[in-house]
Amino acid sequence: MTTTISFDRVSDIYDATRGLPTGVSEQVTDFILNLISPTAETKFFETGIGTGRIAIPIAKKGYSYTGVDISHKMLSELHQKLEGISHQLTTVKADATFLPFADNSFDVALTVHVFHLISAWKQALAEIRRVLKPGGIYLYSHGNMNSIRVNEDVNQDRFEFHKRWKAILASYGYVLPRYGAKEDEVLAELHQQGATLETVIAATWCIEMSVDKLLQHHESKIYSSAWNIPDDIFTCAIQDLREWCLQRYNSLDYNFSEERKFKFVIVRNWA
């Protein structure tokens with residue numbers, strides 16, 4: 001049985017909690033367009049288009065853009081933002097593992113923070129490869145907290161916080177589920193399939209964050225990993241996490257602010 005996580009339950013707060021800051025969206029858009037140098041004939045495609053945080057700025061410039069998402073509510077949010085705007089953006093409610101498009105349909109494919117949510121991620125990857133034209137470019141971005149170690153994309157404090165949260169849940173007999181792939185698994189698969197990979201930074205910005213704000217995010221269950229935690233375990237675990245934070249950081253005002261990077265892996269010689 002395959003699992004693909006729908007974001008229906010957070011569609012109304014998705015942009016507020018995961019949207020790109022003012023100016024960063026434009027940087028990402030400019031990076032993509034400068035890289036691709038699209039023409040009027042260029043066709044973009046995105047698996048997991050969501051509320052269109054990547055798609056809409058490109059579509060507003062007149063380019064053809066098609067996206068799929070499993071969440072009807074996320075797509076509704078996207079279309080509300082397009083009301084009154086001339087565009088060539090098409091969305092389809094569909095599963096990433098079975099795309100309703102012909103082979104060799106698109107020049108550029110994108111996925112942003114998607115494959116950790118799809119259990120059959122290799123099938124989803126194969127579908128992207130199928131609909132991408134020969135010589136097409138695939139832009140892959142994973143997200144910076146799907147990691148088992150501290151690295152250049154994972155802040156030490158955030159990593160420690162996340163590790164403690166998992167340990168507390170485990171003490172109650174609950175293991176945070178892993179639905180899909182980690183970044184290194186996707187990159188290994190692409191490399192094995194003969195693709196040429198180049199990692200680039202499209203934008204950087206600073207996220208203002210405190211321990212208290214991060215706790216509030218967890219308490220509000222804005223992260224998909226918390227959605228299936230039983231209520232009785234969740235209530236006790238959150239209280240334990242709050243107490244640990246007070247002991248570890250002495251104050252809930254402890255600064256967790258960090259630099260964020262919007263990282264793309266440019267995948268060539270694949271399709």
Side-chain angles (χ1 to χ4, degrees), residues 1-7 18 28 31-32 35-36 44-50 54 67-70 94-99 101 103-156 158-160 162-163 166 170 175-204 223-225 258-271:
M1 178 179 177
T2 61
T3 300
T4 301
I5 305 302
S6 168
F7 274 57
R18 296 165 175 83
V28 173
F31 173 86
I32 293 171
L35 173 71
I36 301 301
F44 289 85
F45 169 73
E46 184 177 358
T47 290
I49 193 172
I54 304 300
V68 301
D69 204 285
I70 199 172
D95 193 293
T97 62
F98 188 75
L99 298 177
F101 308 110
D103 295 359
N104 311 324
S105 293
F106 304 102
D107 302 284
V108 183
L110 303 93
T111 54
V112 177
H113 204 50
V114 168
F115 280 108
H116 68 294
L117 302 169
I118 304 172
S119 61
W121 63 271
K122 288 186 179 182
Q123 184 177 341
L125 191 64
E127 279 291 272
I128 293 171
R129 190 180 191 185
R130 179 182 67 79
V131 302
L132 194 59
K133 292 179 183 179
I137 291 178
Y138 171 39
L139 299 179
Y140 165 77
S141 183
H142 200 92
N144 65 354
M145 275 306 295
N146 191 239
S147 177
I148 59 172
R149 61 189 181 276
V150 178
N151 57 38
E152 63 180 5
D153 301 315
V154 181
N155 175 277
Q156 170 68 52
R158 288 288 296 274
F159 180 82
E160 183 182 27
H162 185 63
K163 184 177 179 180
K166 293 197 325 186
V175 177
L176 280 175
R178 177 185 170 190
Y179 300 107
K182 295 184 183 298
E183 180 183 40
D184 55 359
E185 293 173 328
V186 178
L187 298 183
E189 183 70 15
L190 288 166
H191 182 74
Q192 185 177 3
Q193 293 176 6
T196 301
L197 310 180
E198 178 188 0
T199 299
V200 294
I201 305 300
T204 60
Y223 302 120
S224 58
S225 59
E258 62 182 348
E259 182 183 76
R260 287 286 178 87
K261 301 176 182 178
F262 199 110
K263 181 176 72 175
F264 274 121
V265 177
I266 306 171
V267 182
R268 296 186 176 92
N269 304 316
W270 180 51

Working to the nearest 0.5 angstrom, can you tell me the gap between [X] [atom1] and [Y] [atom2]?
X      : Y      : atom1 : atom2 : value
Lys261 : Ile201 : NZ    : CD1   : 5.5 Å
Asn269 : Leu190 : CG    : CG    : 12.0 Å
Ile36  : Ile266 : CD1   : CD1   : 8.0 Å
Ile118 : Thr97  : CD1   : OG1   : 7.5 Å
Ile70  : Thr47  : CD1   : OG1   : 12.0 Å

**Side-chain donor or acceptor of His113 paired with backbone N/O of His142 under 3.5 Å** = yes
**Message:** Holding to side-chain hydrogen bond (donor to acceptor under 3.5 Å, both in side chains), I want the full list of residues that pass it with Lys133, two or more places apart in sequence or in another chain.
**Reply:** Asp107
Identify the two heavy atoms, one from [X] and one from [Y], that lie closest to each other, and give their separation to 0.1 Å.
X      : Y      : value
Val114 : Gly48  : CG2-CA, 4.1 Å
Gly180 : Trp121 : C-CD1, 4.0 Å
Glu258 : Arg158 : OE2-NH1, 3.3 Å

**Request:** Verify whether one side chain among Tyr179 and Ser225 offers a donor that lies under 3.5 Å from an acceptor in the other.
**Result:**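 No, no side-chain donor-acceptor contact under 3.5 Å.
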**Prompt:** Hey, what's the ring geometry for Phe101 with Phe45, parallel, tilted or perpendicular (30° and 60° as the breaks)?
**Reply:**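 Taking Phe45 first and then Phe101, their aromatic rings stand perpendicular (interplane angle over 60°).
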**Prompt:** Pick one: which of Leu110, Leu125, Val265, Ile128 meets side chain to side chain contact (heavy atoms under 4.5 Å, CB included) with Tyr140?
**Reply:**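 When Leu110, Leu125, Val265, Ile128 are each tested with Tyr140, the side chain to side chain contact (heavy atoms under 4.5 Å, CB included) holds only for Val265.
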**Message:** Looking at Arg130 and Glu127, is there a salt bridge between them, counting it only when a charged N and a carboxylate O are closer than 4.0 Å?
**Reply:**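 Yes.
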**Item:** Cationic N near anionic O, under 4.0 Å, Glu189 to Arg129
**Value:**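 Judged by the 4.0 Å cut-off on N to carboxylate O distance, Glu189 and Arg129 do not form a salt bridge.
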**Request:** Start with the C-alpha gap between Phe31 and Phe262, add the side-chain angles, then the distance that decides, and say whether ring pair (Phe, Tyr, Trp, His ring centres under 6.0 Å) holds.
**Result:** CA-CA 11 Å; Phe31 173 86; Phe262 199 110; 8.9 Å; no
